[in-house]
Amino acid sequence: QVQLVESGGGLVQAGGSLRLSCAASGRTFSSYSMGWFRQAPGKEREFIATVTWSTDSTDYADYVKGRFTISRDNAKNTVYLQMNSLKPEDTAVYYCAASRRASRSALTLESSYASWGQGTQVTVSS
């Protein structure tokens with residue numbers, strides 16, 4: 001398994017942008033599909049975006065399409081989540097996760113991921 005550490009969270013005004021990073025340990029980062037999830041207070045953790053290891057294909061939850069972009073840099077063992085046009089409802093703890101699976105449909109599910117980071121708080125003020 002890989003060890004994951006998120007960074008880049010913080011407080012931002014509505015309409016602003018943040019870029020989250022997730023650094024992975026180990027030499028096999030390129031063989032993992034990566035995902036971002038979030039959990040708001042009192043709510044279940046939900047899928048945001050994923051990028052596969054096999055083809056770098058991406059998939060997004062409908063509520064972030066056009067606003068968020070996931071990308072990966074295998075040379076840096078890092079996956080990113082660029083978040084633009086942030087809204088107060090985007091306030092949550094954001095988690096990255098790693099999976100050996102390559103199916104985009106499967107990668108929308110928490111159960112497909114074996115490794116998780118500790119999370120980073122994103123707060124969007126109105």
- Chi angles and distances behind the side chain to side chain contact (heavy atoms under 4.5 Å, CB included) call for Leu81, Arg19: CA-CA 6 Å; Leu81 185 68; Arg19 188 176 80 156; over 6 Å; no
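- Glu110 is linked by a salt bridge (charged side-chain N to carboxylate O under 4.0 Å, His left out) to Arg45, counting only residues two or more places apart in sequence or in another chain.
- Summarising the geometry of Ala98 relative to Val2, their closest heavy-atom pair is CB-CG2, 3.5 Å, with the distance given to 0.1 Å.
- Between Arg101 and Ala106 the shortest heavy-atom distance is CZ-CB, 3.6 Å.
- Shown here are the salt bridge (charged side-chain N to carboxylate O under 4.0 Å, His left out) partners of Lys87, two or more places apart in sequence or in another chain: there are none.
- Counting only residues at least two apart or in different chains, ring pair (Phe, Tyr, Trp, His ring centres under 6.0 Å) contacts with residues 3-30 are absent.
- Note that CE of Met34 and CG of Asp56 are 12.0 Å apart. Values are rounded to the nearest 0.5 Å.
- Not counting sequence neighbours, Ser99 has no partner by the side-chain hydrogen bond (donor to acceptor under 3.5 Å, both in side chains) test.
- Contact between Gln1 and Ser115 at its shortest, heavy atoms only, is CB-OG, 3.4 Å.
- Scanning for side-chain contact (heavy atoms from CB on, under 4.5 Å) contacts around Val124 gives Val12, Ala14, Leu86, Pro88, Asp90, Thr91, Val122, with sequence neighbours left out.
- The hydrophobic cluster containing Leu11, built from Ile/Leu/Val/Met/Phe/Trp/Tyr side-chain heavy atoms closer than 4.5 Å, comprises no other residue.
- Remark: Ser57 pairs with Thr55 by the side-chain hydrogen bond (donor to acceptor under 3.5 Å, both in side chains) rule, at least two apart or across chains.
- With sequence neighbours excluded, the residues forming a side-chain contact (heavy atoms from CB on, under 4.5 Å) with Ser17 are Gln82, Asn84, listed by chain and number.
- Judged as a side-chain contact (heavy atoms from CB on, under 4.5 Å), and not counting sequence neighbours, the contacts of Gln118 are Val5, Glu6.
- No continuous path of hydrophobic side-chain contacts links Tyr95 to Leu18 [ILVMFWY only; heavy atoms under 4.5 Å].
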- Starting from the C-alpha separation in whole Å, work towards a yes-or-no answer on side chain to side chain contact (heavy atoms under 4.5 Å, CB included) for Arg104 and Thr52. CA-CA 7 Å; Arg104 287 189 299 171; Thr52 66; 3.8 Å; yes
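- Each disulfide (SG to SG under 2.5 Å) pair with one or both residues in residues 17-126, not counting sequence neighbours, appears once here: Cys22-Cys96.
- Atom CG of Leu4 is separated from atom OG of Ser21 by 12.5 Å, given to the nearest 0.5 angstrom.
- Side-chain N/O atoms of Arg100 and Ser31 include a donor and acceptor closer than 3.5 Å.
- Shortest non-hydrogen contact noted between Val79 and Ile70 is CG2-CG1, 3.9 Å.
- Each ring pair (Phe, Tyr, Trp, His ring centres under 6.0 Å) pair with one or both residues in residues 35-86, not counting sequence neighbours, appears once here: Phe37-Phe47, Phe37-Tyr113, Phe37-Trp116.
- Looking at residues two or more places apart in sequence or on another chain, you find a side-chain contact (heavy atoms from CB on, under 4.5 Å) between Ala92 and Arg38, Ala40, Tyr94.
- In this structure, the side chains of Thr50 and Thr58 stay at 4.5 Å or more apart for every pair of heavy atoms.
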